[in-house]
Protein chains: 2
Amino acid sequence: MNILLTGRILGALLLFLATALLIPVPFSLWYDDGAALALLAAATTSLAAGAVLFLNCRSNKELSLREGFAIVSFGWLFYAFFGALPYVISGAIPSYLDAVFETMSGFTTTGSTILVNIERLPESLLFWRALTHWLGGMGIIVLSLAILPMLGVGGMQLFKAEVPGPTTDRLKPRIQDTAKLLWGVYVLLTAAETLLLMYGGMNFFEAICHSFATLATGGFSTRNASVAAFDSPYIDWVIIVFMFLAGINFSLHYHALRGRFQEYRRNEEFLAYVGITLVVTIVLTFLTLDTGHGSLATSLRDSAFQTVSILTTTGFGTADYELWPVLAQYLLVFLMFIGGCAGSTGGGMKVARILLLFKHAQVSVFRLVHPRAVRLVKLGATPVDREVMQSILGFFALFMGIFVAASFMLAATGLDLVSAAAAVIATLSNIGPGLGSVGPTDNFSHVSDPGKGILIFCMLAGRLELFTVLVLFFPSFWRK
Amino acid sequence: MNILLTGRILGALLLFLATALLIPVPFSLWYDDGAALALLAAATTSLAAGAVLFLNCRSNKELSLREGFAIVSFGWLFYAFFGALPYVISGAIPSYLDAVFETMSGFTTTGSTILVNIERLPESLLFWRALTHWLGGMGIIVLSLAILPMLGVGGMQLFKAEVPGPTTDRLKPRIQDTAKLLWGVYVLLTAAETLLLMYGGMNFFEAICHSFATLATGGFSTRNASVAAFDSPYIDWVIIVFMFLAGINFSLHYHALRGRFQEYRRNEEFLAYVGITLVVTIVLTFLTLDTGHGSLATSLRDSAFQTVSILTTTGFGTADYELWPVLAQYLLVFLMFIGGCAGSTGGGMKVARILLLFKHAQVSVFRLVHPRAVRLVKLGATPVDREVMQSILGFFALFMGIFVAASFMLAATGLDLVSAAAAVIATLSNIGPGLGSVGPTDNFSHVSDPGKGILIFCMLAGRLELFTVLVLFFPSFWRK
């Protein structure tokens with residue numbers, strides 16, 4: 001691996017982080033919340049570290065696969081390490097490990113928190129928390145639609161963005177061009193949600209923080225009670241719609257903005273995503289009808305909110321689903337494994353992978369009966385070749401393997417069975433809240449330090465489609 | 001599908017079942033337990049049904065794949081339906097569904113019971129219960145080493161018995177020859193265990209019942225407290241050793257009896273199986289040291305017993321592991337997914353598949369970094385081709401899919417999360433007891449009727465390597 005080239009790019013990323021750390025400063029001055037100096041100190045530290053790396057590492061070599069893996073994994077890790085500084089310097093989160101947990105949870109768009117009282121945080125740090133989500137989401141869009149397909153991770157080559165670059169004569173759109181177009185969509189949707197939330201009575205600060213957390217399918221709120229704190233059906237529905245949009249492949253949105261709405265209808269993953277959302281919402285509505293409030297409208301709203309919040313792996317809450325019937329809870333756990341669409345900011349295994357697993361099972365059974373027949377698995381009209389199908393099966397096996405192993409290790413730190421498994425899936429799928437002692441009304445502060453370490457790993461591995469992180473643990477990766 | 005040919009063979013199987021139903025009659029007469037007439041009535045019914053099928057269905061055609069699938073699945077189903085009759089006719093188990101559950105649990109070597117008070121059953125029916133295990137085990141050995149490899153189910157082609165037929169000039173050993181040799185080993189081990197248990201103080205009836213349940217990795221005991229009732233370290237250790245032997249590929253035992261002991265050492269699956277057993281036993285010994293009894297010898301014995309009992313999917317109990325620390329319980333849950341070796345009477349996903357999944361993950365990661373390198377997954381010295389690897393990955397995905405879906409459906413019938421998931425894995429892996437309300441000191445009587453139906457399906461599907469049963473649900477299977 002070319003360490004100099006990797007170092008230079010990581011340096012550049014830290015310089016960008018330093019700039020990002022300055023964005024919350026105006027909020028700090030406006031609210032006079034006393035965190036401005038902490039932010040400036042963190043920005044300076046990132047600037048210094050970034051400059052040292054950037055200026056000392058030079059290389060004329062081209063980027064290869066290995067540097068790609070290292071830059072992505074260490075990029076997220078560096079962001080968590082340096083992005084945690086404002087919390088620690090300001091004293092808002094005294095433990096550095098807790099701060100790294102919170103920041104990793106931000107940049108991986110997970111939304112699990114170790115904060116017992118969120119509202120005690122200075123406004124500028126709440127904004128920073130939301131911003132880590134939003135920047136993480138930007139990273140994920142490019143990663144899943146441009147970088148991972150190139151690296152060939154877990155079948156992601158299927159989901160390479162078919163967004164043309166601005167100059168149509170170039171055959172291969174470059175990463176930068178694709179990124180800019182998709183980020184345009186991302187910014188537009190964020191702005192639209194912010195305005196709609198302000199129209200519903202939120203102030204600018206809360207509106208933008210919640211929009212950041214929605215579009216990134218993150219789930220950090222500025223309130224202890226999450227979205228329930230606003231107690232407004234209008235706000236609930238706005239957030240439901242935007243969470244739902246954030247869970248869709250962003251290249252479809254791009255096409256739609258260009259007037260090609262038929263792309264949604266043609267996309268099999270999107271149709272499955274709509275189907276799951278509708279079916280689960282309807283089932284949950286009936287299951288929760290006689291638990292508490294009673295009104296059909298409330299049941300429908302709470303059910304739609306929780307379905308979309310968990311399927312898209314956002315993790316916002318309007319209802320304590322641990323008070324729902326067991327079956328309803330189980331349905332939600334089911335959703336936790338699925339996640340959003342490929343190419344969205346959502347986590348989890350992705351709807352497309354689950355869909356392909358089902359189709360593969362069907363074809364396997366067919367082949368048993370007709371050993372000589374040739375029948376390929378297709379996604380929409382695209383045949384999925386065996387290599388990709390094997391990657392997807394391997395991804396599933398690895399995902400379940402990590403889920404079981406990490407749950408086991410977390411249980412070893414003293415958590416009960418349900419809480420341990422729920423904490424792992426909540427972080428591995430980048431959702432946020434789980435069940436049991438890490439449920440929607442609880443937080444992760446009580447998890448032991450080794451436990452937090454395991455969950456930080458889960459967030460990172462889950463967000464980067466597992467293989468990207470795991471290659472780093474293989475000695476052969478580091479050899480010449 | 002050739003229904004006539006299938007019918008004829010199923011008829012022959014029922015005639016065999018009728019004979020088997022007569023075996024417990026001497027026990028009934030000896031103990032004067034009043035169940036002799038019920039057994040005779042059941043045998044007559046099986047005889048009649050078998051004769052009708054056998055005499056009316058004639059076909060000159062050769063067996064094809066489709067008939068193979070149908071005969072295996074319906075064979076087990078018919079055995080559960082007709083094998084349940086003695087319980088119902090004698091009034092020992094009044095509900096026919098319960099009796100089918102108990103019999104399916106027997107023939108699939110699961111060991112889950114709906115009996116609240118086992119000791120109230122007539123001796124001859126307790127013997128029948130153990131006999132269903134033993135006959136099921138015989139079926140499984142042939143199925144997994146001779147039939148399923150031919151049908152190409154879930155990568156089982158890897159485990160085709162390399163046991164030569166008695167006439168060495170024939171290149172392809174026939175199923176019958178293979179079966180006879182392996183059954184010889186099975187009978188020999190059963191006889192050895194029976195004698196050793198009688199030496200330890202059990203009477204002939206209890207010794208043979210427990211030997212049947214051990215060699216089949218079934219788990220039905222004649223006592224409410226399972227093996228704990230005998231309170232004898234000697235008996236515990238005898239059963240540990242024979243459960244361990246029953247979890248090993250029977251073709252290895254065959255080679256050993258021929259003096260080729262080195263076959264064990266050469267078999268990678270066997271080595272992994274030994275490794276898992278040792279590591280888990282040692283960890284559990286330390287974890288359970290300070291819970292209750294305190295003595296190292298007791299901890300070691302209970303830990304070895306529970307590890308082997310669950311890994312081999314037997315399900316006998318000497319300790320209530322629900323009183324053990326959470327971590328210990330989680331380790332056991334972990335084992336529930338693994339199961340015994342391929343070609344043993346054990347259920348679960350099988351050690352070889354889990355081993356290959358790990359190797360596949362390793363090779364996948366290697367390929368990401370070295371896209372042009374060729375590296376195959378190997379089991380021992382045998383390279384595993386892509387087709388087989390894909391079958392195994394597909395098997396894993398399907399296993400986890402059925403586990404999640406069935407748990408969800410079972411939770412819908414009113415069970416709590418942990419009990420529902422534990423009941424499903426306990427039946428799908430053919431173990432017996434689970435956790436929660438279906439734990440080692442509980443039983444399955446409280447599960448609702450639809451819930452019992454789901455679990456009967458899980459036992460059958462798990463025992464027949466999933467695909468064998470699932471093909472029957474595809475319309476194309478039934479078409480010409």
Side-chain angles (χ1 to χ4, degrees), chain A residues 65-66 69 151-154 325-327 329-331 333-334 337 354 357-358 360-371 386-387 389-398 400-401 404-405 407-408 410-418 420-421 435 466-468 470-471 473-474 476-477, chain B residues 65-66 69 151-154 325-327 329-331 333-334 337 354 357-358 360-371 386-387 389-398 400-401 404-405 407-408 410-418 420-421 435 466-468 470-471 473-474 476-477:
Chain A
L65 282 181
R66 295 194 193 196
F69 286 115
L151 299 179
V153 164
V326 177
L327 175 57
Q329 293 183 40
Y330 212 90
L331 252 177
V333 171
F334 203 53
F337 286 85
I354 302 292
L357 282 173
F358 272 101
H360 175 74
Q362 220 171 341
V363 168
S364 300
V365 169
F366 179 83
R367 278 208 200 110
L368 281 179
V369 187
H370 310 274
R386 294 212 170 167
E387 204 67 30
M389 197 61 232
Q390 194 156 344
S391 289
I392 289 169
L393 288 165
F395 180 90
F396 180 77
L398 192 61
M400 299 308 295
V404 173
S407 302
F408 161 62
L410 206 63
T413 70
L415 256 66
D416 66 286
L417 277 174
V418 170
L435 287 171
L466 312 181
F467 288 100
T468 321
L470 285 189
V471 288
F473 290 91
F474 278 69
S476 73
F477 177 80
Chain B
L65 282 181
R66 295 193 193 196
F69 286 115
L151 299 180
V153 163
V326 177
L327 176 57
Q329 293 183 39
Y330 211 90
L331 252 177
V333 171
F334 204 52
F337 285 85
I354 302 291
L357 282 173
F358 272 100
H360 175 76
Q362 221 171 339
V363 168
S364 299
V365 169
F366 179 83
R367 278 209 199 109
L368 281 179
V369 187
H370 309 275
R386 293 212 171 167
E387 204 67 30
M389 197 61 231
Q390 193 155 344
S391 289
I392 289 168
L393 288 166
F395 180 89
F396 180 78
L398 192 62
M400 299 308 294
V404 173
S407 304
F408 160 62
L410 206 61
T413 71
L415 256 68
D416 65 287
L417 277 173
V418 170
L435 287 171
L466 312 182
F467 287 100
T468 320
L470 284 189
V471 288
F473 291 91
F474 278 68
S476 74
F477 177 80

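The sequence lines fix the lettering, A, B, ..., with proteins before strands; numbering per chain opens at 1.
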Does any non-hydrogen side-chain atom of A:Arg386 lie less than 4.5 Å from one of B:Arg386?
no
Contacts of type side chain to side chain contact (heavy atoms under 4.5 Å, CB included), residue B:Ser407, not counting sequence neighbours:
A:Tyr330, B:Phe403, B:Ala421, B:Val424
Let me confirm one number: the OG-CG distance from B:Ser391 to A:Leu368, rounded to the nearest 0.5 Å.
7.5 Å
Would you mind checking which part of A:Phe366 comes under 4.5 Å of any heavy atom in chain B, side chain (CB onward), backbone (N, CA, C, O), both or neither?
side chain
So CE of B:Met400 and CE of A:Met400: to nearest 0.5 Å the spacing works out to 3.5 Å
Of all of B:Val365, B:Leu435, B:Leu327, which one pairs up most often with chain A through heavy atoms under 4.5 Å apart?
B:Val365
More than 12 non-hydrogen atoms from neighbouring residues, nucleotides or ligands closer than 6.0 Å to CZ on B:Phe358, yes or no?
no
Of the backbone (N, CA, C, O) and the side chain (C-beta and beyond), which part of A:Leu415 lies under 4.5 Å from a heavy atom of chain B, both, or neither?
backbone
Would you compute the distance between atom CD of A:Gln329 and atom CG of B:Asp416 and round it to the nearest 0.5 angstrom?
10.5 Å
Taking every heavy-atom pair that is under 4.5 Å apart, which of B:Leu357, B:Val404, B:Leu65 has the most such pairs with chain A?
B:Val404
Rounded to the nearest 0.5 Å, how far apart are CG of B:Leu393 and NE2 of A:His360?
7.5 Å
Return the CZ to CD distance between B:Phe474 and A:Gln362, rounded to the nearest 0.5 Å.
5.0 Å
Between B:Phe408 and A:Phe334, how do the two ring planes meet: parallel, tilted or perpendicular, split at 30° and 60°?
parallel
Taking every non-hydrogen atom, the tightest pair across B:Leu398 and A:Ala361
CD1-CB, 4.1 Å
Engaged part of A:Phe395 at the chain B interface, taking heavy atoms whose separation is under 4.5 Å
neither
Side chain, backbone, both or neither: which part of A:Val418 has a non-hydrogen atom closer than 4.5 Å to chain B?
side chain
